[in-house]
A.B. asks: 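Handing you a structure now.
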Amino acid sequence: LDMFSELKFPVPWGHVAAKAWGPSDGHPVLCLHGWLDNANTFDKLIPLLPRDCYYVAIDFSGHGLSSHRPAGSPYHFLDYVSDVRRVAADITQCSAFLFLSYCFISPQFCFLYPEMVDKLILLENLGFLLDPEDTEAWLKSKRMVIDRLLSLEAKQQTPKARSPEAALQRLLEANRHLTAEGGAILLQRGATETPAG
């Protein structure tokens, strides 16, 4: 486990970088660094751990070798949970993974996606604390946000060229409260002419 490989997981703003140790068919262990650290946090620890696991230590967005989010974008905890969800889907191949973590993102992830996590090992952290009365609503709303985001990203295609009339019709179908005049006004600024139409 002294040797590692560099990985890149594509995201809409670039990539999430990671370091991986061990056999890629081993039990996946996702390693999360702490605040303002990076994947090198695990360089001394991983060689001391069991050799039959596949350890993947990510650099959160804006940390280490990962891409920064676009200028002006916040780095909110739920965005980091989304990053972990993207990477976890790539490394697990339908099996649950083990978390080895220094950060507060992992307990939140476990709360949102318990079916994806086999075990959680917190190296330096408090668990995720939430008022019991708010638990179900928080879980439902946050998971829905992340799942919708990832679903939209997966479906993203090159924008289609439409005639001005077809664009107006599509806008009106999606926004039943708009009048044709209101839709035409919005499209003046909300549509771009391309060589294809």
Side-chain angles (χ1 to χ4, degrees), residues 1-69 75-130 135 138-139 142-151 153-154:
L1 292 179
D2 294 328
M3 301 296 292
F4 64 89
S5 58
E6 293 284 350
L7 304 175
K8 286 186 179 181
F9 299 92
V11 293
W13 57 92
H15 67 271
V16 170
K19 296 173 76 168
W21 295 262
S24 60
D25 61 347
H27 187 73
V29 178
L30 190 55
C31 306
L32 303 183
H33 63 76
W35 182 249
L36 299 179
D37 290 340
N38 58 55
N40 281 0
T41 296
F42 295 94
D43 280 2
K44 296 291 186 182
L45 177 60
I46 298 296
L48 304 174
L49 299 178
R51 297 187 174 278
D52 58 340
C53 292
Y54 182 52
Y55 301 94
V56 177
I58 70 169
D59 290 328
F60 282 120
S61 295
H63 295 74
L65 301 179
S66 288
S67 301
H68 289 265
R69 294 187 187 277
Y75 286 83
H76 189 265
F77 75 89
L78 204 54
D79 297 322
Y80 291 128
V81 173
S82 298
D83 291 352
V84 172
R85 178 69 174 82
R86 288 177 177 95
V87 171
D90 279 355
I91 69 165
T92 59
Q93 286 104 37
C94 301
S95 65
F97 66 91
L98 189 143
F99 254 132
L100 184 61
S101 176
Y102 281 98
C103 76
F104 66 97
I105 301 303
S106 53
Q108 293 173 24
F109 185 94
C110 291
F111 186 65
L112 287 165
Y113 298 99
E115 71 280 4
M116 294 184 75
V117 181
D118 184 29
K119 292 181 179 146
L120 169 63
I121 299 172
L122 293 173
L123 299 171
E124 173 187 89
N125 202 314
L126 293 174
F128 177 55
L129 304 175
L130 189 64
T135 301
W138 188 93
L139 175 64
K142 300 307 183 234
R143 186 167 173 152
M144 182 182 68
V145 166
I146 292 171
D147 290 348
R148 281 189 181 170
L149 171 69
L150 298 179
S151 175
E153 286 176 5

A.B. asks: How long is the gap from CG on Leu30 to CD1 on Ile105, to the nearest 0.5 Å?
C.D. replies: 12.0 Å
A.B. asks: How close do Ala96 and Pro28 get, counting heavy atoms only, and between which atoms?
C.D. replies: O-CG, 4.0 Å
A.B. asks: Taking atom CZ of Phe99 and atom CD1 of Ile121, what is their separation to the nearest 0.5 Å?
C.D. replies: 11.5 Å
A.B. asks: How long is the span from the CG atom in Asp83 to the CZ atom in Phe109, to the nearest 0.5 Å?
C.D. replies: 11.0 Å
A.B. asks: How long is the gap from CG on Asp59 to CG on Leu32, to the nearest 0.5 Å?
C.D. replies: 11.0 Å
A.B. asks: If you take all heavy atoms of Pro50 and Tyr55, which pair is closest and at what distance?
C.D. replies: O-OH, 2.7 Å
A.B. asks: Show the nearest heavy-atom pair for residues Ala57 and Ala39, with the distance to one decimal.
C.D. replies: O-CB, 3.4 Å
A.B. asks: Could you measure the distance from the OG atom of Ser101 to the CG atom of Leu123? Nearest 0.5 Å is fine.
C.D. replies: 7.0 Å
A.B. asks: Parallel, tilted or perpendicular: which one describes the rings of His68 and Tyr75, with boundaries at 30° and 60°?
C.D. replies: perpendicular
A.B. asks: Taking the side chain as C-beta and beyond, is there a heavy-atom pair between Tyr113 and Arg85 under 4.5 Å?
C.D. replies: yes
A.B. asks: Report the C-alpha distance between Val16 and Arg86 in whole Å, list the side-chain angles of each, state the deciding distance to 0.1 Å, and finish with yes or no for side-chain contact (heavy atoms from CB on, under 4.5 Å).
C.D. replies: CA-CA 9 Å; Val16 170; Arg86 288 177 177 95; 5.9 Å; no
A.B. asks: Stepwise, does the side-chain contact (heavy atoms from CB on, under 4.5 Å) test hold for Val29 with Trp21?
C.D. replies: CA-CA 10 Å; Val29 178; Trp21 295 262; over 6 Å; no
A.B. asks: Tell me whether Arg69 contacts the main-chain N or O of Asp79 through its side chain, where contact means a donor paired with an acceptor under 3.5 Å.
C.D. replies: yes
A.B. asks: What pair of heavy atoms forms the shortest contact from Glu6 to Leu65, and how long is it?
C.D. replies: OE1-CD1, 4.1 Å
A.B. asks: Could you name each residue pair satisfying salt bridge (charged side-chain N to carboxylate O under 4.0 Å, His left out) that touches residues 11-22, not counting sequence neighbours?
C.D. replies: Lys19-Asp43
A.B. asks: Do the side chains of Phe4 and Ile46 get nearer than 4.5 Å, heavy atoms only?
C.D. replies: no
A.B. asks: To check you understand the geometry: which heavy-atom pair defines the closest contact between Ser66 and Ser61, and what is its length?
C.D. replies: CB-CA, 4.0 Å
A.B. asks: I'd like to know whether Leu122 forms a side-chain contact (heavy atoms from CB on, under 4.5 Å) with Ser106, so could you lay out the CA-CA distance, the side-chain angles of the two residues, the decisive distance to 0.1 Å, and finally the verdict.
C.D. replies: CA-CA 8 Å; Leu122 293 173; Ser106 53; 3.5 Å; yes
A.B. asks: About how many Å separate CG of Asp90 and NZ of Lys8, when rounded to the nearest 0.5 Å?
C.D. replies: 15.0 Å
A.B. asks: Taking the six-membered ring for Trp, are the ring centroids of His33 and Phe60 within less than 6.0 Å of each other?
C.D. replies: yes
A.B. asks: Considering non-hydrogen atoms only, spot the tightest contact between Gly22 and Tyr54 and give its length.
C.D. replies: O-CD1, 3.6 Å
A.B. asks: Parallel, tilted or perpendicular, judged at 30° and 60°: which one describes the rings of His63 and Tyr80?
C.D. replies: perpendicular
A.B. asks: Evaluate side-chain contact (heavy atoms from CB on, under 4.5 Å) for Asp37 paired with Tyr102, printing each intermediate quantity in order.
C.D. replies: CA-CA 10 Å; Asp37 290 340; Tyr102 281 98; 5.8 Å; no
